[in-house]
Amino acid sequence: MAEDQEVVKLELLCKQLHEANNGAQRQEAEKALVEFQSGRGAATLSQCQLLLDRAQSSYSQYLAATTLTKLVSRNPCTLSLQQRIDIRNYVLNYLATRPKLVHYVTQGLVVLFGRITKLGWFDGVDKEKWAFRNVVGDVSHFLQGSVDHCVIGVQLLAQLTAEMNQISESDANKSLTKHRKIASSFRDTQLFDIFQLSCTLLGTALKNSKTLNFNDESQHGLMTHLLRLALNCLTFDFIGTSVDESSDDLGTVQIPTSWRPAFLDSSTVQLFFDLYASLPATLSPVTLSCLVQIASVRRTLFNNEERAKFLSQLVNGVRNILQNPQGLSDPANYHEFCRLLLRLKSNYQLGELVTVEHYPDAIQLIAKFTVESLNMWQFAPNSVHYLLSLWQRMVGSVPYMKAAEPHLLETYTPEVVRAYVSSRLESVSVVLREGLDDPLDDVTVIQQQLDQLSTIGRCEYGKTCALLVQLFEQTAQRYQELITVQLNNRSQQHSMEDIAILEGQLTWLVYMIGSAIGGRVSFNTSDDHDAMDGELVCRVLQLMNLTDSCLPQGGCERRELATISFFEQFRKIYVGDQVHKTSKFYRRLSEILGLNDESMVLAVFVRKIITNLKYWGHCEQILTKTLTLLSDLSISYNSVRKLVKLDAVQFMLNNHTREFRVLKESGPQNSEHFPFLGVGVSVQEMRSRTLFYTSLGRLLMVELGEDEEKFTQFMIPITSAFDSVGRLLAQAETPVFQAEEAKKGLIGLARDLRGLAYAFNTKTSYMMLFDWIYPTYTGVLIRGVEIWSHDPQVTTPVLKLFAELVQNRSQRLLFDVSSPNGILLFREASKVLCTYGSRVLAQGDNIPKDQIYPMRLKGISICFSMLKAALCGNYVNFGVFRLYGDDALDSALHTFVKLLLSIPQSDLLVYPKLSQTYYVLLECLAQDHVNFLSTLEPNVFLYILSSISEGLSAIAWPNSTVPGKGPPIIQYLNPSAEREFGSD
């Protein structure tokens, strides 16, 4: 009686959760139901059965189904084998006697069936009988019943196939090996039979398609689940590779050899093409998804003759779809068909495709389809990627093709290129006038498409260049005319709109020219192609001269991004150590622009960089990309030596302050300060300073040698800024303290010095920096941490600076035997670590959960990284500290322990950067400082061991080289523990 009352209460709670208008009442109901679902005993099991038997509402039925699923999924499972068998039989009987349940109740029970079958796959009633493996036999009773029963039967098989193929939440606590063992057994014993059954049922449905009423919910649902079952079989992870869905178009379906008969039978492939032609648009996309998988079947399943026949059938099926393209007006069909086209080339070689009987017709239809798709740029834009990838791979295969048959790509690729170029130019006016989302805003997609276009355009490159030159000259000429009108104050409103359209079109063209140049490959080019590249580059540089002259009146951000992208491609192909300077490319630059050698070309790069730093300091995206370009130039061995000889670069090295002098034709002139170098900008905008000073550091090092005077001269602006910040911090306890100015000044200086420290990777240059910063300015940095320990905007740059200073990059920290610098450096790192750690720990745990990483854990992670670099740098004899009573080492290590204990163990694995820094530090301690670990309190040591245990299943250990020994930390701890604690 009491149990019945409890069940009635549960039914009431379910109703309140889903129907109550009172939020507090719903919350209380949810809390009570969650508590019920966490139960483990027999009472929970019987209450779930009562809820299902009473069937008072679909809500209570669903609660029972999900509770039972959680009950059987728990690890370890508290249910006996007989109880699980009874639950499974009960579910099958319940579904058989109630075929018209609400869909989510049916789904809940179907999931329960799949989960209990999977988890009990290796359970046997006796030595000769498995408890849960008679899947097809149990479900066959449903397939022989009504349409509703058939739907449930197919659902059961589809869900079981999906369940076997995925690692569920319950599997996450088990070994991946057990999951693969179950999946492999299911694959070998059941999956092919299920796939054949799905094909048989689909074949029967196809024969009766004229009599089927797809408006009927049951019949439509049956076809949906049948197609989903077939797709689940074809997408099964046959060999345990767990391919990421985001890269599925590079994958191969590893069909087992035992499936060969199904794919040698042409009726299997034809079945899905026929289904596509017969089914409505609500069902046909899944048939195309099945064909995508079929087209990806591994090549080694067939011999050469069989593969040619199989490919011919696929190409003919695609050709038939293109000849009757009505179904492709549906976006889902269109998308899957584009994927199918790409898979044909991904899985088969161009030489095999051209030998197909109807290849000429097929490639013509595919080209027509591609051109139409590109022209309809607003329709299914995410599908264009597959079409461009198809043409990119086909063109990329041409040099390797050995077949005698013509590939015809020289006929159709110019059409594809023209369609892409013209459609993007035409889109600009439509976007502007109709207020649509601008494709130019998605730089990632643009770069992806242009990378593909760069390869496609290289086929018949003369036509590509002629098209780009013609369109560029027309657009640039019209743009120059309107700019001239505007500058003469004769502009009208309509001309402003025209200028915006032309700027958008020029942006596209600059992007495209950059991609065309970037498509050059050294083994498949010619002098004529290099000359064409020269023509294209000259036109972009001429446009740049025009637009840069107008920057004082304002500029176009998107066009600037396109110009930087162009310079990136220009640098990769024609500027650098491996480039031949005698090509026709440089000849054209000399003839048109007077750029006679690489130094003059580099001067153009630097002038553009300086212009962007001057006028676009407020735009983070342009600033970052500009500084990245400068950084890339400063890395190249030959280029950097030519760069430092340029007057413009010398100005940068001598005037890297807010008030910056820019080199102009009339001589050096004062200019407005570069915004990102000043304190009048947001902290976010200051992030680029590190990259800027990294580049300057590399440029300075080229001719620095041991010239301390030159280094001191370079550091004058930073010295002055540091002195200023130091004076401000000295007033920290007084009412006149200018906190904001001091704070921003310290942040900027920490970022600047970190960039220099990263660039100075030689012993001589690093020692100049160290002698400059210690002991004069390390105290200023530590004082800043003391004042703003609660503010990660300050602490993060300072901690990262010290983490960089202690890095023994390129063995730069090789101090002389008489030098105490290694010990002094570690003491400073220890000071900043202890200063930060003590204040963070004093803040308590009142930080909101969503702010815990930026406010606390990020700084702790940097501290771990800093300590690891210092301990493993091999430049400090740590025995000296204990010998002379210096507590720097002990303080740093004990601060590490306190910081570690302040972190919930779950957070160590939730935040990847934190976990990585923690485990590598722990490995270092286990290797070289196990005597410290041996002195830890038992609760601390248990915390560390527990974190290792948790990390073993979540963190990759690439450095583990001893089979069966686990990660390196275990290898170090095991013998060391025996030494420190004894063998017992």
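A donor-acceptor pair under 3.5 Å is absent between the side-chain atoms of H225 and the main chain of A158, judged by distance alone. Q219 places no side-chain N or O within 3.5 Å of a backbone atom of D216 that could act as its donor or acceptor partner. Side chain of N347 to backbone of V297: a donor-acceptor contact under 3.5 angstrom is found. When atom types are taken as modelled, the side chain of N208 and the backbone of T211 share no donor-acceptor pair closer than 3.5 angstrom. Put simply, the side chain of T268 gets close to the backbone of A262: a donor and an acceptor are under 3.5 Å apart. Here the side chain of S185 pairs no donor or acceptor atom with the backbone of I182 at under 3.5 angstrom. The closest donor-acceptor contact from the side chain of S209 to the backbone of A205 lies at 3.5 Å or more, if one exists at all. For the pair K118 (side chain) and E163 (backbone), a donor-acceptor distance under 3.5 Å is present. For S198 (side chain) and F195 (main-chain N/O), a donor-acceptor pair under 3.5 Å exists by modelled atom type. Listed for the R319 side chain is no donor-acceptor partner under 3.5 Å among the backbone atoms of D361.
Q82 and D86 share a donor-acceptor pair across their side chains, judged by distance under 3.5 Å alone. Between S146 and H149, the side chains place a donor N or O and an acceptor N or O closer than 3.5 Å (distance only, hydrogens not considered). Side-chain contact annotation: S397 with K345, donor-acceptor N/O pair under 3.5 Å present. Donor-acceptor pairing under 3.5 Å is lacking for the side chains of R307 and S312. No donor-acceptor contact under 3.5 angstrom links the side chains of T252 and R298, judged on distance only.
Side-chain contact between F273 and T287 is absent, with no heavy-atom pair separated by less than 4.5 Å. Side-chain contact between Q49 and L68 is absent, with no heavy atoms from C-beta onward closer than 4.5 Å. A heavy-atom distance below 4.5 Å is found between the side chains of N324 and Q326. Within the 4.5 Å cutoff, the side chain of L101 has heavy atoms near those of the L109 side chain. Q190 is not listed as a side-chain neighbour of M164, based on a closest heavy-atom distance of 4.5 Å or more. Using a 4.5 Å heavy-atom cutoff, the side chains of L283 and P280 are in contact. Between I194 and F186, some side-chain heavy-atom pair lies under the 4.5 Å cut-off. In this structure, L202 and M223 have side chains that are in contact, with non-hydrogen atoms separated by less than 4.5 Å.
Annotation: W391 is not in aromatic contact with Y420 [ring centroid separation under 6.0 Å not met]. Between Y359 and H407, a ring centre-to-centre spacing not shorter than 6.0 Å is recorded. Ring pair Y334/F369: centre-to-centre distance below 6.0 Å.
Atom OH of residue Y276 and atom CG of residue L227 lie 13.5 Å apart, to the nearest 0.5 angstrom. Atoms OG1 and CZ, from T455 and R393 in turn, are 11.0 Å apart once rounded to the nearest 0.5 Å.
Partners of Q349 according to the side-chain contact (heavy atoms from CB on, under 4.5 Å) rule, which considers only residues two or more places apart in sequence or in another chain, are R299, E352.
Closest approach of C233 and T161 over heavy atoms only: N-CG2, 4.0 Å. Minimum heavy-atom separation, G145 to C150: O-SG, 4.0 Å. Taking all atoms of both residues into account, the shortest heavy-atom contact from N232 to A162 is ND2-CB, 3.9 Å. Residues Y386 and N382 approach most closely at CE1-O, 4.0 Å, considering heavy atoms.
Residues E306 and R260 are paired through a salt bridge, judged by an N-O separation under 4.0 Å between the basic side chain and the carboxylate. At a threshold of 4.0 Å, the pair R187-D237 does not count as salt-bridged, since none of the basic side-chain nitrogens sits closer than that to a carboxylate oxygen.
Screening H358, Q270, E357 for a side chain to side chain contact (heavy atoms under 4.5 Å, CB included) involving N316 leaves a single residue, H358. S289 pairs with exactly one of R228, E336, H335 by the side chain to side chain donor-acceptor pair (under 3.5 Å) rule, that one being E336. Checked against W259 for a ring pair (Phe, Tyr, Trp, His ring centres under 6.0 Å), the options F192, F236, F302 give a single hit: F192.
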Quiz item: Should I87 and L45 be marked as a side chain to side chain contact (heavy atoms under 4.5 Å, CB included) after you check the CA-CA gap, both sets of side-chain angles, and the distance that decides it?
Solution: CA-CA 9 Å; I87 292 173; L45 191 62; 3.6 Å; yes
Quiz item: Can V253 and L234 be said to form a side chain to side chain contact (heavy atoms under 4.5 Å, CB included), step by step?
Solution: CA-CA 8 Å; V253 180; L234 291 168; 5.7 Å; no
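The aromatic rings of F310 and Y348 lie tilted to each other, with the angle between the two planes from 30° to 60°.
Within the cation-pi definition used here (under 6.0 Å to the ring centroid, within 45° of the axis), R339 does not qualify as a partner of F337. Cation-pi geometry between K181 and F122 is met: the NZ or CZ atom falls under 6.0 Å from the ring centre, inside 45° of the normal.
Residue pairs meeting the ring pair (Phe, Tyr, Trp, His ring centres under 6.0 Å) criterion with at least one partner in residues 128-147, sequence neighbours excluded, do not occur; the list is empty.
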